[in-house]
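Single-structure report; data block below.
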Amino acid sequence: MKIEELEKRLNAVADASQAQPMKAYMKNNFEFLGVRTPDRRKVAKQFFKDFKAQGIDWDFVEACWEKHYREFQYIAIDYLVTKKKDLVLTDLPRLKKLAQTKSWWDSIDGLDKLVGKIVVDNSEAEQTILEWSLDDDFWLRRIAIDHQLLQKEKTDTELLEKILVNNLNQTEFFINKAIGWSLRDYSKTTPDWVRDFLDKYSSQMAGLSIREASKYI
């Protein structure tokens, strides 16, 4: 897949006046071309159609990740979502590398369900995700906490509880928010389980996590 062609197409729809507000929204961590999300998705959809590849083109993903402008990392994630069914256990280290490079909530929240697909498909990956839940890198811990989002009745509650317990008594905002999100999401499927979790562990949870978890129960 031709990264130069993608760059040309993105530049054609970029609005320079939007670049600074986008950068500010991401706390000035990244530079932006100024491509709005609907325009980016439209460009990406056509690009993926024009340059179909068998399997996952990891060279393309890595080339996007190396690019200066944040829109390229978003497109790499968009691409991996279209190839989600092709993700296999041996792709987990690749996703870990992406998660630990140019890390921020936007990329992490795009990668978590891709990791989740691999874990759901491969029981042997559960030990890895448990290790991530204890990692010094809180972004990996955030992925571990939220990797089962939207799994509904397929949620492995034993695994979820272990991961959440590994991350109680935290002061990191992005971890406490993730704990709340994971519980809030699962409360839509099994509210009693979430209530029981809160009864057992609320004394070790941040107020933010409890508020998020309690939103629908």
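Because the structure is predicted, anything quoted here is derived from the model rather than measured. Numbering of residues begins at 1 and proceeds along the displayed sequence.
Side chain of K102 to backbone of W65: a donor-acceptor contact under 3.5 angstrom is found. Looking at S107, its side chain never comes within 3.5 Å of a backbone N or O of S103 through a donor-acceptor pair. Of the possible polar contacts, one joining the N11 side chain to the E7 backbone as a donor-acceptor pair under 3.5 Å is found. In this structure a side-chain-to-backbone donor-acceptor pair under 3.5 Å is missing from N122 to A125. Between the side chain of D146 and the backbone N or O of W181, no donor-acceptor pair lies under 3.5 Å. Of the possible polar contacts, one joining the N29 side chain to the M26 backbone as a donor-acceptor pair under 3.5 Å is found.
Considering only heavy atoms from C-beta on, D15 stays 4.5 Å or farther from V35 through its side chain. Contact annotation: the side chain of L6 approaches that of V43 to within less than 4.5 Å [non-hydrogen atoms, C-beta and beyond]. In this structure, L95 and I118 have side chains that are in contact, with non-hydrogen atoms separated by less than 4.5 Å. A 4.5 Å side-chain heavy-atom check between E62 and R94 finds at least one atom pair inside the cut-off. Using a 4.5 Å heavy-atom threshold, the side chains of F51 and D57 count as separate. Inter-residue side-chain proximity for F138 and Q170 is flagged as unmet; no heavy-atom pair is nearer than 4.5 Å. Counting heavy atoms from C-beta outward, T37 and R41 have side chains that approach closer than 4.5 Å.
Annotation for L33 and A14: closest pair O-CB, 3.6 Å, computed over non-hydrogen atoms. Across all their heavy atoms, K67 and Q73 have their closest contact at O-NE2, 3.1 Å. Contact between K97 and T101 at its shortest, heavy atoms only, is O-OG1, 2.7 Å. Closest approach of M205 and L183 over heavy atoms only: CE-CD1, 3.7 Å. When all heavy atoms are compared, the tightest approach of Q18 to G34 is CB-O, 3.9 Å. For the pair E31 and H68, the tightest heavy-atom approach, listed with the atom from each and the gap, is CG-NE2, 3.1 Å.
Ion pair D109/R142 flagged as a salt bridge, since at least one NZ, NE, NH1 or NH2 atom sits closer than 4.0 Å to an Asp/Glu carboxylate oxygen. Of the charged side-chain nitrogens involved, none lies within less than 4.0 Å of a carboxylate oxygen, so that D185 and K152 do not count as a salt-bridged pair. Of the charged side-chain nitrogens involved, none lies within less than 4.0 Å of a carboxylate oxygen, so that D91 and K83 do not count as a salt-bridged pair. Salt-bridge annotation for D121 and K117: present, with a side-chain N of the basic residue lying under 4.0 Å from a carboxylate O of the acidic one. A salt bridge is defined here as a Lys NZ or Arg NE, NH1 or NH2 lying under 4.0 Å from an Asp or Glu carboxylate O, and E172 with R141 fails to meet this definition. Here R70 pairs with D106 in a salt bridge; the nearest charged N to carboxylate O distance falls below 4.0 Å. A salt bridge between K162 and E158 is present, with a side-chain N of the basic residue lying under 4.0 Å from a carboxylate O of the acidic one. Taking the charged nitrogens against the carboxylate oxygens, D39 and K42 have no contact shorter than 4.0 Å, which rules out a salt bridge. In summary, E71 and R40 do not engage in a salt bridge, as defined by a charged side-chain N under 4.0 Å from a carboxylate O.
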What's the verdict on side chain to side chain contact (heavy atoms under 4.5 Å, CB included) for I217 and L198, showing C-alpha distance, side-chain angles and the deciding distance?
-> CA-CA 11 Å; I217 58 176; L198 292 173; 4.0 Å; yes
Step by step, would you call E4 with K8 a salt bridge (charged side-chain N to carboxylate O under 4.0 Å, His left out)?
-> CA-CA 6 Å; E4 298 82 8; K8 184 174 76 174; over 6 Å; no
Kindly indicate, with the supporting measurements, whether the criterion side chain to side chain contact (heavy atoms under 4.5 Å, CB included) is fulfilled by Q20 and N28.
-> CA-CA 9 Å; Q20 185 54 43; N28 298 313; 3.8 Å; yes
Could you walk me through whether V119 and Q148 pass the side chain to side chain contact (heavy atoms under 4.5 Å, CB included) test, one step at a time?
-> CA-CA 9 Å; V119 177; Q148 293 195 81; over 6 Å; no
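Classification of the F32-Y74 ring pair by plane angle, with boundaries at 30° and 60°, yields tilted. Ring orientation note: the planes of F60 and F48 are nearly perpendicular, at an angle over 60° on the 30°/60° scale. The aromatic rings of W193 and F197 lie parallel to each other, their planes meeting at an angle below 30°, with 60° marking the opposite boundary.
To the nearest 0.5 angstrom, E66 atom CD is 9.0 Å from I3 atom CD1. Taking NZ of K85 as the start and CG of L87 as the end, the distance is 10.0 Å to the nearest 0.5 Å. Rounding to the nearest 0.5 Å gives a distance of 6.5 Å between NZ of K84 and CG of L114. To the nearest 0.5 angstrom, L111 atom CG is 4.5 Å from I77 atom CD1. Taking CG of N176 as the start and OG1 of T171 as the end, the distance is 7.5 Å to the nearest 0.5 Å. Here the CG-OG distance, from N169 to S203, works out to 7.5 Å after rounding to the nearest 0.5 Å.
Taking the six-membered ring wherever Trp is involved, the centroid distance between the rings of W139 and W104 falls below 6.0 Å.
Using a 3.5 Å distance cut-off with no hydrogens or angles, the side chains of Y186 and S182 do not pair a donor with an acceptor. W132 and D137 share no donor-acceptor pair across their side chains, judged by distance under 3.5 Å alone.
Taken together through direct or relayed side-chain contacts under 4.5 Å among Ile, Leu, Val, Met, Phe, Trp and Tyr, L80 and F47 form part of one hydrophobic cluster. Under a hydrophobic clustering in which Ile, Leu, Val, Met, Phe, Trp and Tyr are joined whenever their side-chain heavy atoms come within less than 4.5 Å, directly or via other members, L160 and L150 fall into different clusters. Follow the hydrophobic side-chain contacts under 4.5 Å out from F72 and you reach Y25 in the same cluster. Each of V88 and I56 belongs to its own hydrophobic cluster when Ile, Leu, Val, Met, Phe, Trp and Tyr are linked at side-chain heavy-atom distances under 4.5 angstrom. Placement of L130 and L149 in two distinct hydrophobic clusters is found when ILVMFWY residues are connected by side-chain heavy-atom separations under 4.5 Å, directly or transitively.
The only member of I75, V81, T82 that meets side chain to side chain contact (heavy atoms under 4.5 Å, CB included) when paired with D78 is I75. Each of T128, N166, N167 was evaluated against S133; a single residue qualifies, N166, per the side chain to side chain donor-acceptor pair (under 3.5 Å) test.
Crowding of K188 atom NZ: a count of heavy atoms from other residues, nucleotides or ligands under 6.0 Å exceeding 12.
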